[in-house]
Asks: 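One structure is given below, represented as structure tokens, and several questions about it will come after.
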Protein chains: 2
Amino acid sequence: MTNPSAAVTVIIADDHQLFAEGLLSMFAADEEIRCIGKAGSGEELLAKLIHNKPAVIILDIKMPVMDGIKVLQLIKKQYPEIKVIMLSTYADRNTIQNSIANGADGYLFKNANRQELKNAILGAIANNPSFPDLQQSMDSAKERLKLYTLTYNITRKELEIMDLIKVGHTNQQISEILFRSIFTIETHRRNIMQKLHLRSHAGLTRFLFETEF
Amino acid sequence: MTNPSAAVTVIIADDHQLFAEGLLSMFAADEEIRCIGKAGSGEELLAKLIHNKPAVIILDIKMPVMDGIKVLQLIKKQYPEIKVIMLSTYADRNTIQNSIANGADGYLFKNANRQELKNAILGAIANNPSFPDLQQSMDSAKERLKLYTLTYNITRKELEIMDLIKVGHTNQQISEILFRSIFTIETHRRNIMQKLHLRSHAGLTRFLFETEF
DNA sequence: CCTAAAATACCAACTAGTAGGTATTTTATT
DNA sequence: AATAAAATACCTACTAGTTGGTATTTTAGG
């Protein structure tokens with residue numbers, strides 16, 4: 001280490017031990033980043049913070065019982081000086097905006113790479129928060145469409161509706177959001193289910209989450 | 001390294017780069033295990049295997065487009081000598097049994113720790129596959145019940161029904177599985193939704209997946 | 001410009017789940 | 001043995017989603 005005192009201290013909160021331990025080893029040899037702990041739940045993290053305050057927290061959004069956004073709120077209320085980077089498996093516009101609204105200092109996907117995570121950490125302490133860019137989101141949406149088109153022949157509109165179904169909207173709500181007749185939405189939905197070989201709404205929701213759609 | 005030639009070669013297949021890279025660094029300093037690659041999808045993995053055969057593959061079950069079980073089948077068909085350890089976020093009895101039926105050499109949860117993963121890898125090459133134990137599953141079910149009871153006051157029966165809902169069963173099907181009246185299931189479901197402050201089936205399914213229930 | 005695919009819209013009959021009730025039986029705990 | 005919680009069961013009216021049709025308009029590609 002060239003300058004150990006300058007290393008950014010980090011705590012990782014993720015309910016998957018393997019993931020948390022992986023990140024720990026990832027930065028074990030890093031001079032700029034020093035992981036000083038991990039937590040398997042929001043509760044555990046908050047307890048740890050009482051005696052051990054890092055510069056940055058890497059916070060998984062999807063955790064049992066207390067979700068990441070709630071934990072973010074509590075941290076920012078009690079320790080506004082600690083930077084928090086949210087980690088998520090997928091891009092939900094709502095969650096991203098919620099994170100921003102609650103003072104997160106970054107938002108990263110789990111399929112980011114090591115360098116991107118490091119940049120996010122260093123960016124956070126430099127008051128340079130990084131969030132998924134609109135343009136980039138569009139690109140990944142295109143990627144996804146291409147993928148789904150190839151395997152299931154899902155069209156642009158169908159994908160759009162799948163997103164809205166995943167967020168939990170009913171056909172009625174979707175029809176209002178898209179300014180279309182509910183019959184149109186029903187038709188799209190029917191086509192989606194046919195293409196994915198599904199038979200029920202539950203099956204569709206299941207598919208959307210299981211494939212990390 | 002005391003004996004480099006004896007190191008078990010491993011390839012990791014997971015669509016989350018951070019996770020895969022984390023595991024790579026995790027065993028970077030390990031003498032017994034040598035990670036020789038990673039893949040972000042089933043397709044990428046299969047392509048890699050043509051020129052680069054490891055002793056063990058660590059295979060995430062939940063991957064876009066081609067799911068882990070399908071990948072497992074293809075691997076075992078073409079390269080029966082390669083050991084495959086399945087990785088999953090949660091314990092779905094069906095998936096575990098499917099993995100066993102298709103010749104997997106182990107099944108691990110993502111909230112296992114480093115040592116458990118290492119044991120699974122070494123166990124796999126020693127023809128000593130490790131799968132979630134029935135007794136252990138029961139214990140984790142109890143843990144989960146305790147957790148949900150504390151936060152939401154979910155009862156044993158309600159938890160049982162939540163499991164069946166998650167798998168995609170309708171009230172009718174659940175009533176047949178449990179030999180109970182459909183009215184009973186409806187009542188339970190209503191109580192579940194009330195306790196979790198949810199208003200629709202979609203919301204419930206969403207909850208079940210988002211909280212990694 | 002033509003054409004095929006995609007998106008739009010509608011109808012009717014049906015199945016599944018929700019909401020607001022009530023009420024009995026079973027099980028666990030003092 | 002008393003009691004409280006949990007599990008069971010039923011009814012009605014209602015909302016949401018499914019299925020099997022049909023048909024028109026828009027859009028993108030050759």
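This structure is a prediction, so every number in the text was calculated from the model and none was measured. Chain identifiers are assigned alphabetically (A, B, ...) following the order of the sequence lines, protein sequences preceding nucleic acid strands; residue numbering begins at 1 within each chain.
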Asks: Side chain of A:D15, backbone of A:G40: donor and acceptor closer than 3.5 Å?
Replies: no
Asks: Short question: side chain of B:Q173, backbone of B:T170 - any donor-acceptor pair under 3.5 Å?
Replies: yes
Asks: Specify the separation, in whole Å, of atom CZ of A:R156 and atom C1' of C:dA5.
Replies: 12 Å
Asks: How many Å lie between CD1 on B:I174 and P on D:dA9, as a whole number?
Replies: 14 Å
Asks: For every nucleotide of nucleotides 25-30 of chain C, 5' to 3': is a protein heavy atom under 4.0 Å from its base (B), only from its sugar-phosphate (S), or from neither (-)?
Replies: ------
Asks: Find the distance A:K157:NZ to D:dT26:P and express it as a whole number of Å.
Replies: 14 Å
Asks: So for the helix from C:dC1-D:dG30 to C:dT30-D:dA1, with five pairs setting each end axis, what is the inter-axis angle to 10°?
Replies: 60°
Asks: Within this structure, what is the OG1-CD1 distance for the pair B:T187 and B:I192, rounded to the nearest 0.5 Å?
Replies: 10.5 Å
Asks: B:N191 CG to D:dA6 C1': how many Å, rounded?
Replies: 10 Å
Asks: Just by modelled atom types, is the B:N98 backbone N or O under 3.5 Å from a matching donor or acceptor in the B:N102 side chain?
Replies: yes
Asks: With sequence neighbours excluded, what pairs up with B:S130 under the side chain to side chain contact (heavy atoms under 4.5 Å, CB included) test?
Replies: B:A120
Asks: Would you mind reading off the distance between A:I154 atom CD1 and C:dA7 atom P, rounded to a whole angstrom?
Replies: 10 Å
Asks: Please tell me if A:T155 has a side-chain N or O lying less than 4.0 Å from either OP1 or OP2 of C:dA5.
Replies: no
Asks: Measure from CZ on B:F183 to P on C:dA19 and round the result to the nearest Å.
Replies: 17 Å
Asks: Provide, to the nearest angstrom, the distance between the CD atom belonging to B:Q194 and the C1' atom belonging to C:dG21.
Replies: 13 Å
Asks: Not counting sequence neighbours, which residues clear side-chain hydrogen bond (donor to acceptor under 3.5 Å, both in side chains) with B:D14? List them please.
Replies: B:K110
Asks: Okay, side chain of B:K38, backbone of B:Q17: is any donor-acceptor separation there less than 3.5 Å?
Replies: no
Asks: Who pairs with A:H201 by side-chain hydrogen bond (donor to acceptor under 3.5 Å, both in side chains), at least two apart in sequence or on another chain?
Replies: A:R189
Asks: Which part of the nucleic acid does A:T184 contact within heavy-atom distance under 4.0 Å: base, sugar-phosphate only, or nothing?
Replies: base
Asks: Output all residues satisfying side-chain hydrogen bond (donor to acceptor under 3.5 Å, both in side chains) with A:N119, sequence neighbours left out; order by chain, then residue number.
Replies: A:Q115
Asks: Can you list everything that forms a side-chain hydrogen bond (donor to acceptor under 3.5 Å, both in side chains) with B:N111? Sequence neighbours excluded, please.
Replies: none
Asks: The criterion is side chain to side chain contact (heavy atoms under 4.5 Å, CB included); which residues satisfy it with A:P129, sequence neighbours excluded?
Replies: A:F131
Asks: Please list, pair by pair, any protein nitrogen or oxygen found under 3.5 Å from a nitrogen or oxygen in nucleotides 17-21 of chain D.
Replies:
unit_1: D:dG17; atom_1: OP2; unit_2: A:N171; atom_2: N; d: 3.1
unit_1: D:dT18; atom_1: OP1; unit_2: A:H201; atom_2: N; d: 3.0
unit_1: D:dT18; atom_1: OP2; unit_2: A:R189; atom_2: NE; d: 3.0
unit_1: D:dG20; atom_1: N7; unit_2: A:R190; atom_2: NH1; d: 2.3
unit_1: D:dG20; atom_1: O6; unit_2: A:R190; atom_2: NH2; d: 3.1
unit_1: D:dG21; atom_1: O6; unit_2: A:R190; atom_2: NH2; d: 3.3

Asks: Just verifying a value: how many Å separate B:I57 CD1 and B:K76 NZ, rounded to the nearest 0.5 Å?
Replies: 8.5 Å
Asks: Please list, chain by chain and in numerical order, all residues satisfying side chain to side chain contact (heavy atoms under 4.5 Å, CB included) with B:Q78, sequence neighbours excluded.
Replies: none
Asks: All N/O contacts under 3.5 Å from nucleotides 28-30 of chain D to the protein, with atom names and distances to one decimal?
Replies:
none

Asks: When the distance from CD1 of A:I185 to P of D:dA16 is rounded to whole Å, what number comes out?
Replies: 15 Å
Asks: Residues in salt bridge (charged side-chain N to carboxylate O under 4.0 Å, His left out) with A:K195, at least two apart?
Replies: A:E158
